[in-house]
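Report on the following structure.
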Amino acid sequence: MAQPNPLELKKKEEFKISLEKMLADGRLSEKKQCEMIRSALRKTWMRSPIRKLKIELARIPDMDPNTRTKWLCECEICNKKNRMDQVQVDHKVGEHKFTMFADTLIYAVSILDVELDDLQVLCIPCHDIKTYAERNGITFDEAKIEKEIISILDKCGKVPQQKAYLLKQGFSELEITNDKKRRSCVRSLITN
């Protein structure tokens, strides 16, 4: 007769504990329920006929005999041609808040009740930048710089490596004492 091994029993106990924490007062918090609804709406959006039609209309054949790619899509921001796995359908008006039940209908309508003209096909980098811009209330160009700053600092690693990188770029110890100053230094490197 098969029995659960000690690792399986431990996993079960850990899962039970995590569920009990999630259900501290016997039910899911409003925040957690909103996360579940958001996730379900996004999954529904991925199967949406209007989303699929937008992609289909944007698809163009790749006639380059040197590639193995059959289809491409042109990003509506940068105009670069990308493989199908490198593009996403974006809502031109996005980033609707959904933090409480009262936001459910407005959020669902903003995601699902759209027309072709409400959508655009973007490459993943442009989509990420546009989303960052919307979330932070800045322009696309400002968001592009901020994303580049984040990327450079992430590549450097932790604070000591960031400081070492900026010292090599000619900045002084006083100019790199905190995160805000380090970001400012990297911004000046990018924009100059």
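As a basis for the values below, the full set of heavy atoms in this structure was taken, side chains included, without hydrogen atoms, waters or symmetry mates.
Checked for salt-bridge contact, Glu148 and Arg187 miss the test: no charged N lies under 4.0 Å from a carboxylate O. Salt bridge absent: Glu13 and Lys10 never bring a charged side-chain N and a carboxylate O closer than 4.0 Å. Salt bridge Glu14/Lys11: absent, no basic N to carboxylate O contact under 4.0 Å. Ion pairing between Lys12 and Glu8 fails under the 4.0 Å rule for side-chain N and carboxylate O.
You'll find the side chain of Ile129 reaches within 4.5 Å of the side chain of Phe140, heavy atoms only. Under the 4.5 Å side-chain criterion, counting only non-hydrogen atoms from C-beta, Asn82 is not in contact with Leu72. Taking 4.5 Å as the limit, some side-chain heavy atom of Leu189 sits within range of a side-chain heavy atom of Tyr165. Residues Val89 and Ile50 have side chains not in contact (no heavy-atom distance under 4.5 Å, counting atoms from C-beta outward). Annotation: side chain of Ile150 is in contact with side chain of Arg183 (closest heavy-atom distance under 4.5 Å). No side-chain heavy atom of Asp62 sits less than 4.5 Å from a side-chain heavy atom of Arg68. Taking 4.5 Å as the limit, some side-chain heavy atom of Glu146 sits within range of a side-chain heavy atom of Ile138.
Hydrophobic clustering (side-chain heavy atoms under 4.5 Å, transitive across Ile, Leu, Val, Met, Phe, Trp, Tyr) keeps Val93 apart from Leu105. Hydrophobic clustering (side-chain heavy atoms under 4.5 Å, transitive across Ile, Leu, Val, Met, Phe, Trp, Tyr) keeps Leu122 apart from Ile124. Grouping the Ile, Leu, Val, Met, Phe, Trp and Tyr side chains by contacts below 4.5 angstrom, directly or via other members, places Leu153 apart from Val159. Under a hydrophobic-cluster definition in which Ile, Leu, Val, Met, Phe, Trp and Tyr are linked whenever side-chain heavy atoms come within less than 4.5 Å, directly or via other members, Leu53 and Val114 are assigned to the same cluster. Linking Ile, Leu, Val, Met, Phe, Trp and Tyr whenever their side-chain heavy atoms come within less than 4.5 Å puts Leu112 and Leu116 in one cluster.
In this structure, SG in Cys34 is found 4.0 Å from CZ in Phe98, a value given to the nearest 0.5 Å. Atoms CD and CE, from Gln33 and Met100 in turn, are 14.5 Å apart once rounded to the nearest 0.5 Å. Of the inter-residue distances, the one linking Arg182 atom CZ with Leu166 atom CG reads 8.0 Å to the nearest 0.5 angstrom. For the atom pair SG (Cys73) and CE (Met84), the distance works out to 4.0 Å, reported to the nearest 0.5 Å. Note: Ile176 CD1 to Gln162 CD = 9.5 Å, rounded to the nearest 0.5 Å. In this structure, the separation between NZ on Lys31 and CZ on Arg38 is 9.0 Å, given to the nearest 0.5 Å.
Checking side-chain atoms of Ser110 against main-chain N and O of Tyr107 turns up a donor-acceptor pair under 3.5 Å. Although no hydrogens or angles enter the test, the distance criterion places no donor-acceptor pair under 3.5 Å between the side chain of Ser39 and the main chain of Glu35. In terms of modelled atom types and a separation under 3.5 Å, the side chain of Asp118 and the main chain of Glu115 share a donor-acceptor contact. With hydrogens and angles ignored, the 3.5 Å screen pairs no side-chain donor or acceptor of Gln86 with any backbone N or O of Cys123.
Side-chain contact, Glu175 with Ser172: a donor N or O sits under 3.5 Å from an acceptor N or O. For the residue pair Glu134/Thr131, the side-chain donor-acceptor check at 3.5 Å is not satisfied.
Looking at every heavy atom in both residues, Ser188 comes nearest to Cys185 through OG-O, 2.7 Å. Taking each heavy atom of Leu28 and Lys32 in turn, the nearest pair found is CD2-CG, 3.6 Å.
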### Query
side chain to side chain contact (heavy atoms under 4.5 Å, CB included) between Asp128 and Lys147: does it pass, once the steps are laid out?
CA-CA 9 Å; Asp128 289 347; Lys147 293 287 277 182; 4.2 Å; yes

### Query
Could you walk me through whether Thr139 and Glu142 pass the side-chain hydrogen bond (donor to acceptor under 3.5 Å, both in side chains) check?
CA-CA 5 Å; Thr139 68; Glu142 291 168 333; 3.3 Å; yes

### Message
Set out, in order, the CA-CA distance, both residues' side-chain angles and the distance that settles side chain to side chain contact (heavy atoms under 4.5 Å, CB included) for Glu74 and Val121, then state yes or no.
### Response
CA-CA 7 Å; Glu74 186 174 312; Val121 177; over 6 Å; no

### Message
Trp45 vs His91, test: side chain to side chain contact (heavy atoms under 4.5 Å, CB included). Steps then yes/no.
### Response
CA-CA 11 Å; Trp45 165 246; His91 291 75; 3.5 Å; yes

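Around NZ of Lys92, the count of heavy atoms belonging to other residues, nucleotides or ligands within 6.0 Å exceeds 12. Around atom CD1 of Ile190, more than 12 heavy atoms belonging to other residues, nucleotides or ligands sit under 6.0 Å away. Few gaps surround NZ on Lys54; more than 12 heavy atoms of other groups in view lie less than 6.0 Å from it.
In terms of the salt bridge (Lys or Arg N to Asp or Glu O under 4.0 Å) criterion, Lys163 has no residue partners (sequence neighbours excluded).
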